[in-house]
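Note that the coordinates shown come from a computational prediction; the quantities given were computed from them, not determined experimentally. So that the names make sense, note that chain A is the first sequence line, chain B the second, and so on, each numbered from 1.
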There are 2 protein chains.
Amino acid sequence: MPTLNPTSTTFSAEQLRQFTTRVFTHFNVPDEDAALAADVLAYSDEHGIDSHGIARLKTYVDLLHAGRINPRPAIKIIRGKGSVATVDGDNGLGLVVGPKCMELAMQKAQEHGSGWISVSNTNHYGAAGYYPVMALKEDLIGMSMTNTTKGVAPFNGAEKMLGTNPVAIAFPGLNEPPVLIDFASSAVAYGKVEIASRKGQTMPVGWCIDKDGHDTQIPAEMMQGGALLPLGSTTEGSGHKGYCLAAMVDILSAVLSGANWGPYATPFAITVAAMDRQVGKGIGHFFGALDIEGFRDKTEFKRDIDDWIQTMRNTKPLPGTEGVRIPGDPEREAYAIRLKDGIPVNHEVVASLEAVAGLTGIALY
Amino acid sequence: MPTLNPTSTTFSAEQLRQFTTRVFTHFNVPDEDAALAADVLAYSDEHGIDSHGIARLKTYVDLLHAGRINPRPAIKIIRGKGSVATVDGDNGLGLVVGPKCMELAMQKAQEHGSGWISVSNTNHYGAAGYYPVMALKEDLIGMSMTNTTKGVAPFNGAEKMLGTNPVAIAFPGLNEPPVLIDFASSAVAYGKVEIASRKGQTMPVGWCIDKDGHDTQIPAEMMQGGALLPLGSTTEGSGHKGYCLAAMVDILSAVLSGANWGPYATPFAITVAAMDRQVGKGIGHFFGALDIEGFRDKTEFKRDIDDWIQTMRNTKPLPGTEGVRIPGDPEREAYAIRLKDGIPVNHEVVASLEAVAGLTGIALY
């Protein structure tokens with residue numbers, strides 16, 4: 001049974017995974033795909049990425065229920081050459097299309113030294129970091145990117161034109177854990193604005209602009225027609241660099257695959273109407289895999305990654321901080337705690353799950 | 001003849017190119033390689049990237065003169081598989097090793113759909129953007145990265161452990177110019193600190209820390225044992241993301257190739273002693289090329305890039321700014337001006353060139 005706390009209810013990972021699987025199956029998603037999609041969401045919940053796990057289930061359900069996502073996609077390679085290919089996701093769940101395309105990139109890496117898959121006609125794929133972690137199991141360097149619904153202003157722009165467009169890549173260690181990089185190209189995730197809003201707090205300068213393009217520290221002013229800023233935020237902070245990153249992700253994921261790019265990316269919300277202009281199909285992802293053995297002996301590489309990790313950890317710490325951590329540490333720490341204590345789900349999210357339970361007749365508890 | 005101005009002397013691109021070529025030849029660099037190296041430097045000068053062109057010639061000369069760079073490297077593929085390979089640059093000029101490895105990535109892309117080359121035992125390769133521009137000529141998407149001498153603190157660190165590690169990638173347009181992305185993963189380039197120092201100005205918060213890890217706005221305090229901050233700078237600005245980017249570049253360029261990574265990257269300065277610890281050979285680069293035709297019809301892709309560019313340009317402008325530009329615009333604007341008016345070289349750099357002229361007996365004017 002879940003444990004009730006003042007602001008959250010604690011579930012075991014297994015409870016959430018079973019609930020999610022059954023919910024997807026209810027909407028005609030094949031059993032194997034439902035389990036896969038549940039696994040992608042569970043990865044986020046287990047690793048402390050609360051914005052991308054079970055908290056999103058209600059939105060996937062809304063879109064499946066409304067027929068805006070295809071539960072049984074015929075995922076097709078529509079073009080390719082050696083190490084690269086384009087896949088049409090047939091408007092399936094990104095949580096299903098994503099892992100299948102990452103598998104394809106990995107197969108190509110085993111055969112050709114690297115594999116690169118650009119994907120159109122797909123939907124929100126969960127946490128970007130899930131995909132490179134898949135590749136680690138085969139000692140491949142894995143990479144993933146996706147474009148997302150517009151939320152970010154390009155540098156020197158005053159309106160949303162790009163998504164938070166994340167990049168993830170992972171490198172295996174030998175005795176050390178992997179270096180796991182996963183970050184959005186905006187200054188902060190939209191989730192941080194929501195949290196400030198919920199707590200009635202102001203935000204730091206550099207996160208957001210309001211609907212007229214003026215800096216704002218008030219969450220509501222961003223949420224009512226404003227925009228997030230790209231990583232770097234300002235002229236002095238090199239906000240043009242975050243814009244460049246978002247552009248790179250948008251083009252590799254969506255222009256290269258023939259998906260909707262930039263401001264036309266399909267909204268991931270039932271309350272948002274479809275775009276007035278379609279420039280492609282669905283949203284886009286981009287997956288990559290590199291065979292380490294094509295470059296170096298993999299054990300030597302992993303030993304050097306261990307050395308790299310230890311060297312970075314030994315950096316003189318910035319005063320007043322815990323010092324240098326390794327990309328992936330926060331997720332690993334959350335995992336260790338949640339494996340033991342379960343997953344705290346905040347009451348707003350629990351309410352959304354109860355709504356899903358009500359709609360489907362599948363018991364949450 | 002060059003034109004004298006109060007703070008600079010204006011040269012034609014051709015004058016600088018000829019001087020540079022002759023200088024490299026003087027140090028026993030083969031004619032063809034010298035012309036190639038001069039072309040890489042000229043790209044920066046012609047495109048307004050003043051920190052990476054002729055301003056660096058003196059350093060290359062110092063290192064060649066001291067025998068710390070090999071003028072006649074035997075560049076070798078030491079390992080490979082299908083679309084990927086590792087190259088040993090035999091301690092050659094990065095300005096020569098770089099273009100040859102980018103060519104190899106492009107050949108592999110033509111054959112396998114993509115090509116990825118990790119390079120060890122090389123040196124400073126000029127502006128990262130030169131390499132993806134090479135790929136545009138064959139309608140390939142080109143990418144380059146390199147690690148560089150330590151100058152940047154990892155997030156929550158108080159000392160230099162990583163380089164400014166840039167990333168560059170370019171996408172061809174049809175009637176529009178290419179989207180050309182080229183940026184360092186630090187908040188700013190070290191050159192901006194030098195400029196503030198020269199002008200006796202303070203710097204914005206978020207650029208640098210001093211030798212004890214405290215924020216500083218005084219250039220000298222960074223220059224005397226301090227460090228640059230990664231893109232994002234602070235906790236609120238998501239400085240961990242710039243650190244992640246720098247880590248990615250460092251690992252793909254140097255750990256994957258067997259070069260010196262992180263704080264051990266070979267210094268690009270005659271005044272800095274070799275590192276006390278070697279963890280590989282030289283510094284590292286990473287080059288990539290993707291065949292657009294492997295993913296989509298290239299004309300359709302380029303037409304969509306045109307649309308993407310026009311869409312971004314039409315973004316509502318941020319008040320008080322010139323509005324949204326396209327990555328590559330600043331370089332294109334500088335090119336148009338410099339093609340007409342010549343290249344202004346500041347007097348400190350001119351003095352360094354006069355020293356090179358004195359050392360080699362090659363006339364600058």
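- In this structure, Glu236(B) and Met203(A) have side chains that are not in contact, with every pair of non-hydrogen atoms separated by 4.5 Å or more.
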One pair to check against side chain to side chain contact (heavy atoms under 4.5 Å, CB included): Leu256(A) and Phe171(B). What are the steps and the verdict? CA-CA 10 Å; Leu256(A) 192 57; Phe171(B) 305 98; over 6 Å; no

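- In terms of heavy atoms, Val324(A) sits closest to Phe155(B) at CG2-O, 3.5 Å.
- Here the closest non-hydrogen pair linking Thr315(A) and Gly157(B) is CG2-CA, 3.8 Å.
- Considering only heavy-atom pairs separated by less than 4.5 Å from chain B, the leading option among Thr321(A), Thr86(A), Ile251(A) is Ile251(A).
- For a residue to count as touching a neighbouring chain, one of its non-hydrogen atoms must lie under 4.5 Å from one of that chain's; by this rule Ala85(A) touches chain B with the backbone only.
- Interface summary for chain A: among Met312(B), Lys192(B), Glu322(B), the most heavy-atom pairs under 4.5 angstrom belong to Met312(B).
- When each of Gly213(B), Pro327(B), Gly294(B), Gly82(B) is scored by its heavy-atom pairs under 4.5 Å with chain A, the top score falls to Gly294(B).
- What you find for Ser238(B) and Leu231(A) is that their closest heavy atoms are O-CD1, 3.8 Å.
- Contact of Ala184(B) with chain A is made through backbone and side chain together, with heavy-atom distances under 4.5 Å.
- Counting heavy-atom pairs closer than 4.5 Å to chain A, the top-ranked of the candidates Gly232(B), Gly262(B), Pro317(B) is Pro317(B).
- For the residue pair Trp308(A) and Val255(B), the shortest heavy atom distance occurs at CD1-CG2, 4.0 Å.
- Looking only at distances, a side-chain donor or acceptor of Ser83(B) sits under 3.5 Å from a matching main-chain atom of His112(A).
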Determine whether Leu290(A) and Leu252(B) satisfy the following criterion, side chain to side chain contact (heavy atoms under 4.5 Å, CB included), listing intermediate values before the conclusion. CA-CA 10 Å; Leu290(A) 292 165; Leu252(B) 289 173; 4.0 Å; yes

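- Only the side chain of Asp250(B) comes within contact range of chain A, with heavy atoms under 4.5 Å apart.
- Annotation: maximal heavy-atom pairing with chain B below 4.5 Å, among Arg296(A), Met248(A), Glu111(A), Met161(A), occurs at Arg296(A).
- Among all heavy-atom pairs drawn from Lys211(A) and Lys316(B), the shortest one is O-NZ, 2.8 Å.
- Of all the heavy atoms in Tyr243(A) and Arg325(B), the pair that sits closest is OH-O, 2.7 Å.
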